[in-house]
Amino acid sequence: MHFHELLAAGLAILGTVEAIPAVPNPTGINTFTNATVYQPSNNRSSVSYVRTETLPDNALLATWNAFGSGSGSLPIYRSEDNGLTWSPWGSCKSDVPGRQLVQPHMLYLKEGFGEEEGGVLLLAVNAVDNTSTNMEVYASWDQGHSFNFVSRVAEGGRANTKNGATPVWEPFLLKHGDKLTVYYSDQRDPKHGQKLVQQTTQGGFDSWGDVVDVIASEIYEDRPGMLIATKLPNGQYLMVFEYAMIANQALGEYKYPIYYKLSFDPENANSEPWHRLVVNVGTQPNGGPYVTWSPVGGPNGTIIVSDSDNNPIWINQALGEGTWKEVQTPHGHAYSREVRVPVNDGTKIRIAGGAPYGAPPPGLVQVSVMDLRKALEI
Ligand SMILES: *[C@@H]1O[C@H](CO)[C@@H](O)[C@H](O)[C@H]1NC(C)=O
Ligand SMILES: *[C@@H]1O[C@H](CO)[C@@H](O)[C@H](O)[C@H]1NC(C)=O
Ligand SMILES: *[C@@H]1O[C@H](CO)[C@@H](O)[C@H](O)[C@H]1NC(C)=O
Ligand SMILES: *[C@@H]1O[C@H](CO)[C@@H](O)[C@H](O)[C@H]1NC(C)=O
């Protein structure tokens, strides 16, 4: 991952909302392009790494990295019309002074989990300060309005992407049966510049097991990272990640091609082979991928991947086998751009992103909804 934006410091003051309004339950949703979720009011802050999650009443929440916002909080915005219009809704803040929350991922659990009650919105973050990075989980029992700290899964050294430094990065939560797993990028193992690992809990949100490798290269300088997983209709999980490798040894420059693993057993994917994501028209996907699955497109449905550097998405209708087909989108590329299928309309794709990697602040948090069936006809 790239983290030079981190050390900047003013967050928009978030409004508070007292009652939770009901949201209509549409059976299908409309398409739109570049709806604005949020734009910083000054050039000190920068927005990227947008994540969304849907609540049972179809309210849509969004959060993102707010570098330079000053408050250290993660903003939570809410849409009652499937992402077309947005308002401030809540926030999540660390109890530890000086800690900023970044790299969010939200997961709503409808059912209870072990001894924990259902109806909870989990938020995994990287809590960073001048001396440490921390994989932390927060929970909201009021639909994302307020959050409580629930557990610290892992602690690493100060944010620093140099090999030999010891931070942890980019948590992703996956519930699989009675297990909850957090995947993250880990620089603490002296045998690897960076590797991808996981920790799993059962019965509660605070009994995380040992650190288990998911993707670790034999080449020290390799830096696999930024894992996102989705479930396929055959029961397999597709785990997509960037496989950072040296592009220019002399300059120490990296490239970030996209790879994936397939596994029926997402807690034990270490021995599964890696697959390069190969695109039919020769595009080289690069950096910060996201994956989702849609029921549209035949018996296997359609797997959809976005990266950080390209406007199109790539689709695969053979459960991850073979090459991937490029499909144009109306949405601009963005660092760690999210693609998801709206829970209330499986024929659409929602794309959410902020600034492209390395773009000057402030950037803009935007959401688009496109029609997958129409896109596939072309
Ligand atoms: C931000 O920077 C751009 C040019 O880089 C400038 O046009 C704009 O006025 C600046 N905005 C603020 C709020 O300072
Ligand atoms: C962290 O470092 C920044 C910049 O070096 C400094 O301004 C700030 O006071 C430090 N914060 C703490 C809690 O040490
Ligand atoms: C579904 O996926 C399987 C396994 O990759 C593949 O053999 C088959 O051709 C796919 N079906 C269609 C209709 O694409
Ligand atoms: C949406 O934004 C992208 C760039 O972020 C731009 O290329 C595209 O033209 C915009 N589309 C519309 C319909 O505004």
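Counting convention: from 1, in listed order, for ligands and their atoms alike.
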Determine whether the side chains of [X] and [Y] contain a donor N or O and an acceptor N or O closer than 3.5 Å.
X      : Y      : value
Asn310 : His333 : no
Trp169 : Gln194 : yes
Asn163 : Arg223 : yes
Glu136 : Asn134 : no

When you measure from [atom] to the protein, is at least one non-hydrogen atom found at a distance under 4.0 Å?
atom                    : result
atom 5 (O) of ligand 3  : yes
atom 2 (O) of ligand 3  : yes
atom 11 (N) of ligand 4 : yes

ask   = So, do Leu196 and Phe241 sit near enough that their side-chain heavy atoms are less than 4.5 Å apart?
value =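 Yes, their side chains come closer than 4.5 Å.
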ask   = Are Trp208 and Val182 close enough that some pair of their side-chain heavy atoms sits under 4.5 Å apart?
value =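 Result yes, sub-4.5 Å side-chain heavy-atom pair found.
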Qualifying residue, where the test is ring pair (Phe, Tyr, Trp, His ring centres under 6.0 Å) with Tyr138 and the options are Phe149, Phe147, Phe205 =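 It is Phe149; the other options fail the test.
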query = For atom 14 (O) of ligand 3, what is the nearest protein heavy atom, given as residue, atom name and distance?
reply =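 Looking at atom 14 (O) of ligand 3, the protein heavy atom closest to it is Gln317 O, 3.4 Å.
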message = Give me the residue, atom name and distance of the protein heavy atom closest to atom 8 (C) of ligand 4.
response =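 Result: Asn34 ND2, 3.7 Å.
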request  = Classify the contact between Pro330 and ligand 4 as side chain, backbone, both or neither, using a heavy-atom distance cut-off of under 4.0 Å.
outcome  =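 Near ligand 4, Pro330 shows its backbone, while the atoms from C-beta on stay back.
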Under 4.0 Å to a heavy atom of Thr33 - the qualifying atoms of ligand 4, by number =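 Contacts of ligand 4 toward Thr33, numbered from 1: 11 (N), 12 (C), 13 (C).
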key: Ligand-side contact atoms (ligand 4) for residue partner Gly332, heavy atom cut-off under 4.0 Å   =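 It comes down to these atoms of ligand 4: 3 (C), 4 (C), 5 (O).
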request  = Heavy-atom contacts with Asn300 under 4.0 Å: which atoms of ligand 3 show up? List them by number with element.
outcome  =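 The list of qualifying atoms is 1 (C), 2 (O), 3 (C), 8 (C), 10 (C), 11 (N), 12 (C), 14 (O).
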inquiry  = Could you tell me, atom by atom, which parts of ligand 3 come under 4.0 Å of a heavy atom of Leu319?
reply    =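 Going through ligand 3 atom by atom, the ones under 4.0 Å from Leu319 are 2 (O).
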request  = Report the part of Glu321 (side chain from C-beta onward, or backbone N, CA, C, O) that has a heavy atom under 4.0 Å from ligand 3; answer both or neither where that applies.
outcome  =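 For Glu321, only side-chain atoms sit under 4.0 Å from ligand 3.
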query = For the rings on Tyr357 and Tyr335, is their centre-to-centre separation under 6.0 Å?
reply =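 Yes: the rings meet the under 6.0 Å criterion.
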